[in-house]
Structure formats: C-alpha cells, structure tokens
Novice: 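Mind looking over this structure? Questions follow.
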Amino acid sequence: MLSRKYKLKRDNDFKRVFRQGRYYQEDFIKLKILENNLKINRFAFVVGLKISKKAVKRNKIRRQLDVVSQQEFDRIKPGFDIIVLPSPEILGKDYQVIKKTLINLFKKAKILWDS
RNA sequence: UAAGACAUAAAAAGUGGUGGGGGGGAGGAAAGUCCGGGCACCCCAAGAUUUAAUCUUGGUCCUGACAGUGGAUAACGUCCACCGUUCGUGAGAAUAGGGAAAGUGCCACAGAGACAAUGUUUCUUUGUUUUAGGGGUAAUCUCCUAAAAUGGGGUAAAAGUGAAAAGUGAGGGCCUAAGAAUCCUCUCUCCGAUGGGAGACCAAUCGGAGUGGUAAACCCUGUCUGGUGCAAGAGCAAACCCCCCACCACUUUUUUUAAAAAGUGGUGGGGGGUAAAAGUAGCUCGCUUGAGUUCAACGGCAACGUUGGACCUAGAUAGAUGACUAUCACCCCGCAGUACUGCGGGGGACAGAACCCGGCUUAUUACUUGCUUGGGUU
RNA sequence: GGAAGAGUCGGAUAAUGGUUAUUCCAACGGAUUGCUAAUCCGUGACCCUUUUGGGUCUUGCGGGUUCGAAUCCCGCCUCUUCCG
C-alpha cells in the first residue's frame, strides 16, 4: 500500500484537479492529472457506489489500483496530483488486465521516465 | 487563487515527523435498518434550593404498537415451556390465537330477502266478479255445488340465487285446513356452578341460553409508548466583534518648547461574546472494559440465572488483508499398496466494523453429532 | 452513519376491496388511397389451433387476511430524494 504521505486528501485539491487537470481515458479507467509544484506525487482512487453496492468489491478494486501505483512508483516523474476513476466495467476484470490498462494510461499521460 | 514541500545554532526534557524492527487487527450474518435497550441533548408536569439557574421524580392526552397462559430478560413485536386450532398414517410441522350479545359501516353481481327481511312456485282459508248445473219463487232475486280470474290472510318441506339464507341438527307427542310457536328425548355451540391444574384449559354431571360473515373496516377492552438521534453532545485552538491595559506611528487641540489630553491605525497581553460547522472541511473527549469473552460448579424441563477462576480481543477518518510464488493444515475425487502413507487433480461460500449491546429478517460454503418416525431387508 | 418516498403494457397516467385493470403517446397489423400523411378499427404475455376461438399466467417478488386483493397486513428486491 502507498504511504499516506502520497495520498490526495483535501477537498480543495480534488476540486482543483477536476477543474484544471488533463484528462485521459482507456477502456474502463479514466485519469485526471495536474502538476502540484511539490517534489512528490499524490494519488487518489475514486471508487463510487455506482461501481458496486458491495463494500468488499469496492475495497478490492481500490487496493488493486493502489498496488499498481506502488509498483510503478519509481518510474513516475514526481510533481503530479493523479486521480484514478474506474467505471463499472472494471468489475470482474483480471488483475493483470487492470495493471496493463493503468500503465498504458500513465504512458499516454507522459509522466513515465523514458526507459 | 494552496501549504502539506522547503528553510531554522547547540544541549537536555517533552511533543511531533520520517525511516527501520517487533507485535496486534472484522462477522455469523459486520448487511437490511425491521424492533427493543443503554447513552446524550431537548420538551412538558410536579417538588426542592431559589436571581439566573441547578437538582430530583415522573411522562397524562393524542398517535402508534402489541394481543392464548405461565416464565426468562435491562427491554422487546424476541426466547423457553405449556394450552387451543389446522395439517400429517406417524415422529412431528405450522399458527397476528382478545371482543361481532356496546355501537356504526360494508357484504358487488345474482336473489323475494344480506339482518328482527320477504312470500315467487306449491298448499290452504276468505271476499268479489263471471260461467255452468241443481233446488225454491209467478218473476226480479236468493241458496248450494264446481271451475276460472282477481284482492286480503296463513304457510312446513322442497325448488331457485349466492361465498354465505334466518340458525345446532334429528326423532316423537299435542294442536291445526296444513303448519309454526310450545312440550319431551338425544346431539352441537356458548355461559355459569361442582372436580383437576399455577394458569390458559381439560373430563364428566347439573342449570341456563342459542339473535350470519367481516375487527390485517371504524371501533371497544387490556398492556406499553414524550421528542430527536453519536451528523446526540462536551472542551480547546484559530477567526470575527466588543471592552480594558502596555508600547509604537500619525492627526487634532492646549501650550514658548518639552509635555499632556483626545481620536484613528497597528502589535502584544487579559476578559467577555458570536456564528458552529457535519465521522473529521484544525485538534481532543464521547470511542471502546462491556447487560464483555471463555471455562467449571450449582439451580431450573428449558429460555436463563447465581458463584468462582482465567483473559483483554479493531477504533480508522479519501476511510484498514492486494498481486505473484513456495510450504503446511483441512475436505473431496482418482491411483498404488495391509486399517495408514505416498503421488496427482480439485475446493473454501456469503461477504468488511464506524457509538455500543439484545433480537428479527435476508445472503451463504463445507462438515459433524444425537434423538425419533415411516418403508424395505434380515 | 441516519431519515423519508416510490414501483401498474416500451414511455407517461387513472382505478370506494367487486365483471375480462383505464386513458394518452409510441410500436405493430388491417381498412381507406394510384402511393403517403391524416383518420378509423384491432393488438398485455405464453401455449394449442389454418382462422373463429380455447386454456394458463398477469399491477416489482413471496406469503397471509377475505367469498373475492393493484388496493388491507407482513417479509424481501430495485430505484429515487434529503440530512451545517
């Protein structure tokens, strides 16, 4: 799990990213990104009631997205606020598919170091 | 449109942050939010102290809920035991199970009539009219008999309508034109007395009554129930407003200047108030030790209770267990051999605390044990 | 976390406990027309039938009360709204 230091928390931050951030989408995941003038990245995973009414399923999706971000943490350039928005089609998708899709999105947003 | 990033001499203590290590971390339903209770604040009433206010005790009426009896419990619409009813060959299973003789409403269509009602067909009695026959009379007319039409009265059984039909059903006697009411015997239901039981109720005898259904229609009787809910509520810091004190700056007045007074603004300190703000939009408390979990003994048919020992078992706040690999335990299947082992394959559901408990309801995996009934076989 | 409300044909919308559940729009079929539009008539679903027609199930789902439930009662499901 990502440390709490790298989590986006304040409502003002969310509003700013949603209003001014860049937008990317691939399949069943959407992304909002904005530079934050900090030396670290901050993530947020928004899994609403529309995705599933079962708390277990929502928590699991959130954790899976969290783990992908943690594994790719070192490859991502610092200084961004990133909001990850899955859509209801994510339900039942395999972990490897989710991981691939999210990494592709990071590439699209051009926040990965060239490797 | 921001402050978390970043920056700040040393030491000690405290606090906080970061990194590392160790330990702990969901349920039988955590769910639905359908009931009940604790807890908190507010409302009303009474009483005490009495300036405000505080403390103590209580919750009438309305509304709503519940409804066999006895018990369990903090309480319940829950649980246990028993009674009645219904179903089943049976072991058993189900059961919102007070009152229709307090009153009101409703009972479509059909039917005479849906509650002190009605008279259709049939039967019977009587009046009137007409016709036919007979008797009496000179005749009108009158009497008797029969038939038809029509009006009034009585009417058991049967037919018919409907979910339901006048009210327990059957037999006999009396009476009558035929009947009913009434009387006798048996039977059914309800009520009362006697007997058994703690009671609901049960068995028999005696006495009395017998005037449909519906209260998950209004209602009556009995019992319980004030309202809002941890987004309850309490405190601190910061913000804003007011007042006081100190210092600084500026302006005005008095004054020869110095200085003093007043006003405005700022900084610091003190006091009072405001909005108030939320499971977290600053922090703390409430917040997890509680009608707690577990073991034993005793009491009780049981639900449960009493006593003693042991244990501490989530308290987050963008919100807690994820991915892959290996190994071990459990269950199932197959193969191999001596009751066990080895190899291979498969499986673990429903689902995640948010103040805390007791229930109900719903979702759902795998397995185990005991008792009993019916059938088959021996 | 807490508090309210709703569910009737594809979409809207009626219905004192009482025939076979109403109306409008849409869709489909037919009539009318040389062809359309408009107008008129019919159509809930499934099964059997060449048609006429017949049977069964129907007011989110499952029970109950009642002679009889869209309606009354109980338990679920789904959806919507609100809470400084």
Side-chain angles (χ1 to χ4, degrees):
Chain A
M1 295 290 287
L2 283 169
S3 166
R4 286 178 50 74
K5 189 177 173 182
Y6 304 113
K7 290 285 183 69
L8 199 59
K9 290 177 188 173
R10 296 189 177 256
D11 198 47
N12 279 340
D13 294 333
F14 275 86
K15 280 178 181 165
R16 200 178 68 245
V17 174
F18 274 115
R19 202 174 299 137
Q20 304 176 3
R22 289 177 281 145
Y23 173 78
Y24 302 95
Q25 180 177 5
E26 176 154 342
D27 285 352
F28 46 82
I29 299 182
K30 300 163 188 167
L31 215 62
K32 273 275 188 181
I33 292 186
L34 186 68
E35 293 84 354
N36 61 359
N37 297 333
L38 304 182
K39 293 184 179 175
I40 58 164
N41 287 318
R42 294 184 302 182
F43 291 87
F45 309 96
V46 180
V47 185
L49 270 176
K50 282 185 180 175
I51 286 174
S52 172
K53 302 199 74 168
K54 310 281 188 186
V56 173
K57 294 180 179 175
R58 277 185 275 122
N59 280 342
K60 181 162 183 178
I61 288 166
R62 187 154 41 218
R63 285 194 297 264
Q64 286 176 334
L65 292 171
D66 202 306
V67 164
V68 175
S69 304
Q70 190 187 16
Q71 288 174 348
E72 303 299 314
F73 192 77
D74 293 334
R75 294 174 59 196
I76 301 173
K77 301 176 188 172
F80 294 99
D81 284 342
I82 300 168
I83 300 179
V84 181
L85 298 154
S87 58
E89 292 94 69
I90 200 171
L91 265 181
K93 290 281 194 300
D94 192 68
Y95 168 75
Q96 297 300 337
V97 176
I98 294 172
K99 184 174 180 180
K100 207 170 158 186
T101 307
L102 191 55
I103 292 176
N104 278 342
L105 266 176
F106 287 154
K107 281 180 188 165
K108 261 191 187 178
K110 298 176 181 169
I111 54 170
L112 294 181
W113 294 114
D114 296 329
S115 57

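A note on names: the letters A, B, ... follow the listed sequences, proteins ahead of strands, and every chain is numbered from 1.
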Novice: With the criterion being N/O to N/O and under 3.5 Å, what pairs connect the protein with nucleotides 349-352 of chain B, and how long is each?
Specialist:
{"residue": "A351(B)", "atom": "OP1", "partner": "Lys54(A)", "partner atom": "NZ", "Å": "3.1"}
{"residue": "A351(B)", "atom": "O5'", "partner": "Lys54(A)", "partner atom": "NZ", "Å": "3.4"}
{"residue": "G352(B)", "atom": "OP2", "partner": "Ala55(A)", "partner atom": "N", "Å": "3.3"}
{"residue": "G352(B)", "atom": "OP2", "partner": "Val56(A)", "partner atom": "N", "Å": "3.2"}

Novice: Separation of Ile61(A) atom CD1 from A323(B) atom P, in whole Å?
Specialist: 12 Å
Novice: In whole angstrom, give me the gap between the C1' atoms of A31(C) and U49(C).
Specialist: 26 Å
Novice: Go through the structure and list residues passing salt bridge (charged side-chain N to carboxylate O under 4.0 Å, His left out) with Lys108(A), not counting sequence neighbours.
Specialist: Glu26(A)
Novice: Please state how far atom CG in Leu102(A) lies from atom C1' in A323(B), giving the value in whole angstrom units.
Specialist: 14 Å
Novice: Indicate, with yes or no, if Val56(A) and Leu65(A) share a hydrophobic cluster defined by side-chain heavy-atom contacts under 4.5 Å among Ile, Leu, Val, Met, Phe, Trp and Tyr.
Specialist: no
Novice: Check every atom of A320(B), C324(B), G322(B) against the side chain of Lys60(A) and return the nucleotide holding the closest atom.
Specialist: G322(B)
Novice: Looking at the angle O4'-C1'-N9-C4 for a purine or O4'-C1'-N1-C2 for a pyrimidine, is A52(B) syn or anti, with syn meaning within 90° of 0?
Specialist: anti
Novice: Work out how far the P atom of G24(B) is from that of C350(B), and round it to whole angstrom.
Specialist: 29 Å
Novice: Rounded to whole angstrom, note down the C1' distance from G21(B) over to A40(B).
Specialist: 44 Å
Novice: Taking any strand in view, what nucleotide pairs with U341(B) in a Watson-Crick or G-U wobble way, both distances under 3.5 Å?
Specialist: A336(B)
Novice: Nearest to the side chain of Val46(A), which nucleotide is it out of A320(B), G322(B), A318(B)?
Specialist: A318(B)
Novice: Tell me the bend of the helix from A239(B)-U274(B) to U254(B)-A259(B) as the angle between end helix axes, each from five pairs, rounded to the nearest 10 degrees.
Specialist: 10°
Novice: How far does the P atom of C230(B) sit from the matching atom of U361(B), given to the nearest Å?
Specialist: 26 Å
Novice: Taking the same atom, P, in C39(B) and in A291(B), what whole-Å distance lies between them?
Specialist: 10 Å
Novice: Return the value, rounded to whole Å, for the distance between atom CZ of Arg58(A) and atom C1' of G322(B).
Specialist: 17 Å
Novice: Rounding to an integer number of Å, can you tell me how far Gln96(A) CD sits from C324(B) C1'?
Specialist: 8 Å
Novice: Could you tell me which nucleotide pairs with U39(C) by Watson-Crick or G-U wobble geometry, both distances under 3.5 Å, or answer none if nothing does?
Specialist: A31(C)
Novice: Considering only the P atoms, how many Å lie between U122(B) and A148(B), rounded to the nearest integer?
Specialist: 12 Å
Novice: Using the P atom in both, what is the distance from G359(B) to C72(C), to the nearest Å?
Specialist: 35 Å
Novice: Just the rounded figure in Å: distance from C1' of G322(B) to OH of Tyr95(A).
Specialist: 7 Å
Novice: Could you let me know what A209(B) is paired to, Watson-Crick or G-U wobble, both distances under 3.5 Å, or none if it's on its own?
Specialist: U189(B)
Novice: Using both distances under 3.5 Å as the test, list the Watson-Crick or G-U wobble partner of U66(C), or none.
Specialist: none
Novice: Find the distance Arg62(A):CZ to G319(B):P and express it as a whole number of Å.
Specialist: 7 Å
Novice: Quick check on U288(B): syn or anti? Syn means the glycosidic torsion is within 90 degrees of zero.
Specialist: syn
Novice: If hydrophobic clusters are built by linking Ile, Leu, Val, Met, Phe, Trp and Tyr wherever their side-chain heavy atoms come under 4.5 Å apart, do Ile61(A) and Tyr95(A) end up in the same one?
Specialist: yes
Novice: Checking base pairs now: Watson-Crick or wobble, both atom distances under 3.5 Å. What partners A30(B)?
Specialist: none
Novice: List in chain and number order the residues that pass side-chain contact (heavy atoms from CB on, under 4.5 Å) with Val46(A), two or more places apart in sequence or in another chain; answer none if no residue qualifies.
Specialist: Phe14(A), Ile83(A), Leu85(A)
Novice: Between U121(B) and U150(B), how far apart are the P atoms? Round to whole Å, please.
Specialist: 10 Å
Novice: Holding to side-chain hydrogen bond (donor to acceptor under 3.5 Å, both in side chains), I want the full list of residues that pass it with Arg62(A), two or more places apart in sequence or in another chain.
Specialist: Asn59(A)
Novice: Which whole-number value in Å describes the distance from Leu65(A) CG to U321(B) P?
Specialist: 14 Å
Novice: Rounded to whole Å, please give me the gap between CG in Asp81(A) and P in A318(B).
Specialist: 15 Å
Novice: If hydrophobic clusters are built by linking Ile, Leu, Val, Met, Phe, Trp and Tyr wherever their side-chain heavy atoms come under 4.5 Å apart, do Phe43(A) and Tyr23(A) end up in the same one?
Specialist: no
Novice: Could you identify the nucleotide paired to U56(B), looking across every strand shown and requiring Watson-Crick or G-U wobble geometry with both distances under 3.5 Å?
Specialist: A46(B)
Novice: In Watson-Crick or G-U wobble terms, both distances under 3.5 Å, what is the partner of A3(C)?
Specialist: U81(C)
Novice: Between Ile98(A) and Phe28(A), is any pair of side-chain heavy atoms under 4.5 Å apart?
Specialist: yes
Novice: List for me each residue that meets side-chain hydrogen bond (donor to acceptor under 3.5 Å, both in side chains) alongside Lys32(A), sequence neighbours excluded, and say none if there are none.
Specialist: none
